[in-house]
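A quick write-up on the structure given underneath.
Order of appearance sets the numbers: ligands from 1, and atoms from 1 within every ligand.
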Amino acid sequence: MACGADGLYSRAMTHTLRYSDARFLQSAQTLPQCPGDTGMEVAFAGRSNAGKSSAINVLTRQSKLARISKTPGRTQLINFFSLDEQLRLVDLPGYGYAKVSRAVKVDWERNLADYLQHRQSLRLLVLVMDIRHPLRDYDWQMLKWASHARLPVHILLTKADKFKRGPAKDTLMAVEREIAQAGLDNITLQTFSALKKTGLDDLEAVLNHWLCD
Ligand code: GDP
């Protein structure tokens, strides 16, 4: 596995990975179509337009990587990117991207829930939210599924550059409070900006922790 000690925070707690090594592996619609359930993976979810692709592109230092997930025909698929033979990043279908029929939506939700609940190699769900519109219906749905599956969640409040530091911090704390009030645990959160690349070190440290333990 491509884990090596590097950096102050990493040395103390965990290891680092080369996210720039990410390569498109395959797409899947259903759990049985997913690549072999070995090794470890971290999945990214978020409403469409929340900033999920931008976050994945900044993390992997590849401006076009997550565009693969946006090509027609792939938007409703689970897209896998490999870091090496054992480690993967997973781009889950965004919600509200296309006007799809109710039947397609039901299918898509079933496949997502199935993946979140039964995927053994899944270590962490990164839930991307626009900091200006956090905790929408879809986000709660994902949080509840993850909680049901006892899956840790890391919330990325992205587009933080849209706020000054004070209001960004206030939103972070408000979201944290709301989650605690809902009785959900196993959730961490941070602010992020793909535009300014702020919060990238924190995101990497969290992923390193879950992918290299
Ligand atoms: P996705 O549908 O969740 O994958 O969202 P995208 O990554 O495609 O982003 C949606 C829109 O938000 C695009 O116009 C991006 O340029 C913009 N965006 C994404 N991240 C940021 C950010 O950190 N700051 C700002 N200001 N805009 C962002």
message: Distance check, rounded to the nearest 0.5 Å: Leu77 atom CG versus Asp91 atom CG?
response: 10.5 Å
query: Looking only at heavy atoms, which two atoms of Thr188 and His154 are closest? And how far apart?
result: OG1-ND1, 2.6 Å
query: In terms of atom number and element, which parts of ligand 1 are under 4.0 angstrom from non-hydrogen atoms of Ser48?
result: 2 (O)
field: Whether Arg47 lies under 4.0 Å from ligand 1, heavy atom
entry: yes
- request: For ligand 1, find out whether one of its N or O atoms is nearer than 3.5 Å to an N or O atom of Ala160.
  value: no
task: Look at the side-chain heavy atoms of Ile, Leu, Val, Met, Phe, Trp and Tyr, link any pair under 4.5 Å apart, and say whether Ile155 and Met173 land in one connected group.
output: no
- request: Would you tell me whether Asn57 and Ser63 have side-chain atoms, one donor and one acceptor, within less than 3.5 Å of each other?
  value: no
field: Residues Ser121 and Asp37: side-chain donor-acceptor under 3.5 angstrom
entry: yes
task: Decide yes or no on side-chain contact (heavy atoms from CB on, under 4.5 Å) for Leu83 and Phe81, but give the supporting numbers first.
output: CA-CA 7 Å; Leu83 295 174; Phe81 301 92; over 6 Å; no
message: Test your reading of the structure: does Phe192 have an N or O sitting under 3.5 Å from an N or O of ligand 1?
response: no
query: Backbone N or O of Leu59 within a donor-acceptor pair of the Arg61 side chain at under 3.5 Å?
result: yes
Which segment of Asp161 sits under 4.0 Å of ligand 1 when only heavy atoms are counted: side chain
field: Numbering as shown, the atoms of ligand 1 that approach Lys162 to under 4.0 Å (heavy-atom distance)
entry: 26 (N)
statement: Counting from 1 in the order shown, the ligand 1 atoms closer than 4.0 Å to a non-hydrogen atom of Gly51 are 1 (P), 3 (O), 5 (O), 6 (P), 7 (O), 9 (O), 19 (C)
Ser193 to ligand 1, any heavy atom closer than 4.0 Å: yes
- line: Per-atom filter on ligand 1: closer than 4.0 angstrom to a heavy atom of Thr158 are 23 (O)
